[in-house]
Protein chains: 2
Amino acid sequence: MDALNQPEPRYFEKMRLVAEVLKAVEGPIYVVTHVDPDGDAIGSSLGLYRALKALGKDARWVATPPRFLRFLAKEEEYADPVDTLPPGATLVVLDAAEPSRAVGAPVEGFVINIDHHGTNPRFGQISVVDPSKAATAQMVKDLIDLLGVEWTPEIATPVLTGLITDTGNFRFANTTPEVLRVAAELVGYGVKLAELTDRLQWRPPSYYKLMGKVLSTVEFHFGGLLVTAHLPEEAQAEEDSDDFVGLIRYAEGSVVAVFLRPKEEGVKVSIRSRGGVSAQNIALRLGGGGHVPAAGATLKGMDLEAAYEKVLEAVQEELRRAGYL
Amino acid sequence: MDALNQPEPRYFEKMRLVAEVLKAVEGPIYVVTHVDPDGDAIGSSLGLYRALKALGKDARWVATPPRFLRFLAKEEEYADPVDTLPPGATLVVLDAAEPSRAVGAPVEGFVINIDHHGTNPRFGQISVVDPSKAATAQMVKDLIDLLGVEWTPEIATPVLTGLITDTGNFRFANTTPEVLRVAAELVGYGVKLAELTDRLQWRPPSYYKLMGKVLSTVEFHFGGLLVTAHLPEEAQAEEDSDDFVGLIRYAEGSVVAVFLRPKEEGVKVSIRSRGGVSAQNIALRLGGGGHVPAAGATLKGMDLEAAYEKVLEAVQEELRRAGYL
């Protein structure tokens, strides 16, 4: 593990300082997160915003949730983005791996940076970055405890949402015993877990027809070791289509799943692997990058047919390296 | 809540007795579960079997896991079904709501009955039936603690499997704080959670083509309140096809999902509901039964077209009752 991915050594000391500072500051506190926010971005920022409001703070939550997360907040909780921060303001940036990814307010003045991405450059006056945490929401859970706010279902629900979405609903390897203990505690504060997980799985009606079309493109290669599918060119691009590689990756006997999505600039490729095969290696051969189990690339200027050819070559090479062929 | 569904009032006292008895008995201990075993049946029985073996007992596990659960056990762990039990044998029946559902050995002689189904008639010399538990595996977790067996990944993995499958991977309303705390503890004993949840999601390659065909039958009714789909008549019946109602039930704006499956005796109907609508009411109108959020019926002697007509009528009536129409 490189230095960037070490757990924050003074985690509780720093988080306690953040709590003391947030309790002390007088002016408005802006809570923002990253562009294209996911469940952890929205959940951790909305949870902290509500906790600060419960403390009587002049907190403002500047975020634009995607369609499937809008149910978490009430209309009156949204604040408009700002170009400049008033004097005396405090900015809390959550889950943003770089200051340039933060949106809703400029990263200037007094900045508190809380995140779990190891690559975070530790920007801001106070930064608490802990890659050993499954989600920024897990860190916000600790911060809210340290703020001494009484937990309510309204505060616990978005925080648990961050934990659920960043762990694939408690399925990924980052689901540590500590994550499950924190989830137990949050559910105990009155979250309606079944309603929440139901809601998080809602998809627009159009998704189902699209999914049917995608599944009609499923193909198996190399004796079933590779499963592929693509978004048919005539299909409209949908908000949720990134899920498709997750849909095909559980084919029994397969060790690689690749989903191809034609876009204007070329073909976007999402890759998942298991069993000693590296999606990262495949992505690197295609000019992309990512992690060992999950990676991606964009094959610029190619059509679907050319992209499939490139993908099959790159996967074959990796299957040979891993001893499958 | 009727008397049958009350939590077992002397739960720990009785479970402690079961543990003492299992430690004391000299003869073989047969561990069996119900016919058509699910993840909880296989997980709880395999976990207890391994714990008894670790205690040095002459334990025998008689079970036939479905294809997707076979990875949990080694070939040499399976014992053959028996028609009679030898004198001095002890029989532990797990997760079987009725003695007639137990398979692998006759329910006779000295019987210990451990289950979480409220309808269990409390058969056997000692029965511990606790409907407040999410899974029989949750009860087996307590029993193994009381047996004083040292937890290993081999014992913890099947027990956690039971908890995962009976809670829909920690999504259903039975996912209490206690369930999450038990899961945290089991993961802490060295279960490879990400590998386990990956494996539990494997589907045969043929499933994907079939899923595509099913999705091409998706239709919305009553302005999107009802989503339906069916298994095309030409499609082969598959082991996993019962998942299909789960696949379509998350259509945004829908409050009822119905999946129709033509079979020899008629059309099998699976119903899911939310938002104040009762799947149970709909099933009762179709001559079936079940729970409020999940129910089913078989429309005997009908073809698909007639079944759809009946379903639409029954759903319309229930949507009216619930105030949607």
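This one's a predicted model, so the numbers in the text were calculated from it and none came from an experiment. Throughout, protein chains are lettered first and strands after them, A, B, ... in sequence-line order, and every chain is numbered starting at 1.
Using a 4.5 Å cut-off between heavy atoms, B/Arg199 makes no contact with chain A at all. With a 4.5 angstrom heavy-atom cutoff, B/Ser216 touches chain A only via backbone atoms.
A/Leu247 contributes atom CG, which lies 7.5 Å from atom CG of B/Leu247 (distance to the nearest 0.5 angstrom). Once rounded to the nearest 0.5 Å, the distance linking CD of A/Gln201 with CZ of B/Arg249 reads 8.0 Å. The structure places CD1 of A/Ile248 at 15.5 Å from CZ of B/Arg203, a figure rounded to the nearest 0.5 Å. Rounded to the nearest 0.5 Å, atoms OH (A/Tyr250) and CG (B/Leu200) are 10.5 Å apart.
Against chain B, no residue from residues 131-138 of chain A qualifies, as none has a non-hydrogen atom under 4.5 angstrom away. Residues of residues 151-164 of chain A having a heavy atom under 4.5 Å from any heavy atom of chain B: none.
Looking at every heavy atom in both residues, A/Ala194 comes nearest to B/Ala173 through CB-N, 3.4 Å. Of all the heavy atoms in B/Arg274 and A/Asp198, the pair that sits closest is NE-OD2, 2.6 Å. Across B/Ala184 and A/Arg181, no two heavy atoms sit closer than the pair CB-CG, 3.8 Å.
The shortest distance between side-chain heavy atoms of A/Thr175 and B/Val187 does not fall below 4.5 Å.
Per-residue heavy-atom pair counts under 4.5 Å with chain B were compared for A/Thr167, A/Asn169, A/Leu193, and the maximum is reached by A/Asn169. Contact tally against chain A (heavy-atom pairs below 4.5 Å) for B/Pro205, B/Ser254, B/Gly168, B/Gly188: the top residue is B/Pro205.
Heavy atoms of other residues, nucleotides or ligands lying less than 6.0 angstrom from NZ of A/Lys209 number more than 12.
Under the 3.5 Å distance criterion, the side-chain polar atoms of A/Tyr208 are left unmatched by any main-chain donor or acceptor of B/Val218.
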